[in-house]
Amino acid sequence: MLQLSILCINCIESLQVLKDLPRIEGRPGASLPPLDFEALEKQLKEKHRDEVTPEDVLSAAMYPKVFDEFKEFTSQFGPVECLNTRLFLEGPKIAEEFKVELERGKTLHIKALALGDLNQAGQRQVFFELNGQLRSVLVKDTVAMKDLHFHPKALKDVKGQVGAPMPGKVIDLKVKEGDSIEKGRPLCVLSAMKMETVVNSPVSGTIKKIYIKTDMNLEGDDLILEIE
């Protein structure tokens, strides 16, 4: 009687949660279309050009998008399953030594040494020892990149793209999107080293898009605007 009462209570609670939502009778998997695992295995081998295990086939069958992302990740970064969970998620601490066993009899001894400063591309130089030898590699700092502003560069072979002639701060913008302009018309004024530089239009046309605003700091060749 107790089990029957608990079952009735669970049924009532399920109905309260579902309300008017559609219900599935029987085993949910029974309504799925049939899957040809051999055809899926062949498809995975052709797509990823790699060894495919039975576990891979099951993973792709249940989570196709996640499996594709996993294969793309490992093709770029290698067998990350060799790292323990903390090293994979957080990275090593400075002066920490750890081992990575690639396969039986092949073990890498790694020691993290130092991190360089963040460059304009959002990368840091990472210094480490690999089996006693000093190495370094450039690594993207994905956390720091969220706070960085990357300004597009003007392409010299694209007519109508106007770039900054030198590094400087935008102190005046003399046009707006949609304006029709003539060649030689002032577009903006930059200030650098206590000197002001007027950037003039190299062509006639219409202002398609403006990529700057006042008080913005620009580097050389940063895209100011597009003219069509």
Side-chain angles (χ1 to χ4, degrees), residues 47-49 64-66 68-78 80 88-94 112-130 133-228:
K47 183 175 183 179
H48 298 290
R49 304 289 181 183
K65 186 174 183 298
V66 175
D68 283 343
E69 291 174 350
F70 170 75
K71 294 299 287 185
E72 290 175 7
F73 183 88
T74 53
S75 67
Q76 181 178 358
F77 296 104
V80 291
F88 176 74
L89 295 177
E90 299 179 3
K93 298 180 172 126
I94 299 301
L113 298 177
L115 290 177
D117 293 332
L118 191 70
N119 63 22
Q120 291 183 348
Q123 299 172 318
R124 293 185 189 275
Q125 194 87 14
V126 179
F127 299 90
F128 60 98
E129 282 184 3
L130 177 62
Q133 295 186 349
L134 181 63
R135 302 286 183 89
S136 69
V137 64
L138 274 174
V139 177
K140 283 186 178 180
D141 190 330
T142 54
V143 176
M145 284 178 68
K146 294 178 181 178
D147 299 323
L148 290 177
H149 171 72
F150 294 96
H151 196 91
K153 297 291 184 180
L155 302 177
K156 298 184 183 298
D157 57 344
V158 177
K159 186 178 180 180
Q161 287 200 358
V162 181
M166 63 179 186
K169 183 176 182 180
V170 181
I171 61 173
D172 191 14
L173 186 58
K174 296 185 173 295
V175 292
K176 62 181 183 299
E177 291 181 4
D179 283 355
S180 296
I181 59 171
E182 298 294 331
K183 181 178 179 180
R185 175 173 170 178
L187 301 174
C188 68
V189 181
L190 303 180
S191 175
M193 303 290 291
K194 297 183 179 180
M195 296 178 60
E196 294 184 3
T197 300
V198 178
V199 180
N200 297 318
S201 176
V203 295
S204 299
T206 302
I207 304 296
K208 180 181 178 182
K209 186 172 182 180
I210 297 175
Y211 292 85
I212 63 170
K213 56 185 178 180
T214 54
D215 296 328
M216 179 181 286
N217 291 311
L218 301 178
E219 297 294 330
D221 296 325
D222 277 358
L223 184 57
I224 294 174
L225 50 79
E226 286 183 284
I227 303 170
E228 63 176 0

Which distance, rounded to the nearest 0.5 Å, do you find between the [atom1] of [X] and the [atom2] of [Y]?
X	Y	atom1	atom2	result
Lys156	Gln161	NZ	CD	11.0 Å
Ile224	Tyr211	CD1	OH	12.5 Å
Leu155	Glu226	CG	CD	8.5 Å
Ile210	Leu173	CD1	CG	5.0 Å

Exercise answer: donor-acceptor pairs, residues 185-194 side-chain atoms, under 3.5 Å, sequence neighbours excluded:
none

Residues passing the salt bridge (charged side-chain N to carboxylate O under 4.0 Å, His left out) test with Lys174, sequence neighbours excluded, are Asp172
With sequence neighbours excluded, tell me which residues meet salt bridge (charged side-chain N to carboxylate O under 4.0 Å, His left out) with Lys153. Asp222
Pairing residues for Gln125 by the side chain to side chain donor-acceptor pair (under 3.5 Å) criterion, not counting sequence neighbours: Ser136
For Lys47, all residues meeting side chain to side chain donor-acceptor pair (under 3.5 Å), sequence neighbours excluded: Asp68
Identify each donor-acceptor pair in which a side-chain atom of residues 200-208 lies under 3.5 Å from a protein atom, sequence neighbours left out, and give them as a table.
residue : atom : partner : partner atom : Å
Ser201  : OG   : Val203  : N            : 3.4
Ser201  : OG   : Val203  : O            : 2.5
Ser204  : OG   : Glu182  : OE1          : 3.4
Ser204  : OG   : Lys183  : N            : 2.9

Minimum heavy-atom separation for Leu113 to Ile94, with atom names? O-CG2, 3.1 Å
If every non-hydrogen atom of Val126 is compared with every non-hydrogen atom of Phe128, which pair is closest and at what distance? O-CD2, 3.7 Å
Student check: side-chain heavy atoms of Val139 and Arg124 closer than 4.5 Å: no
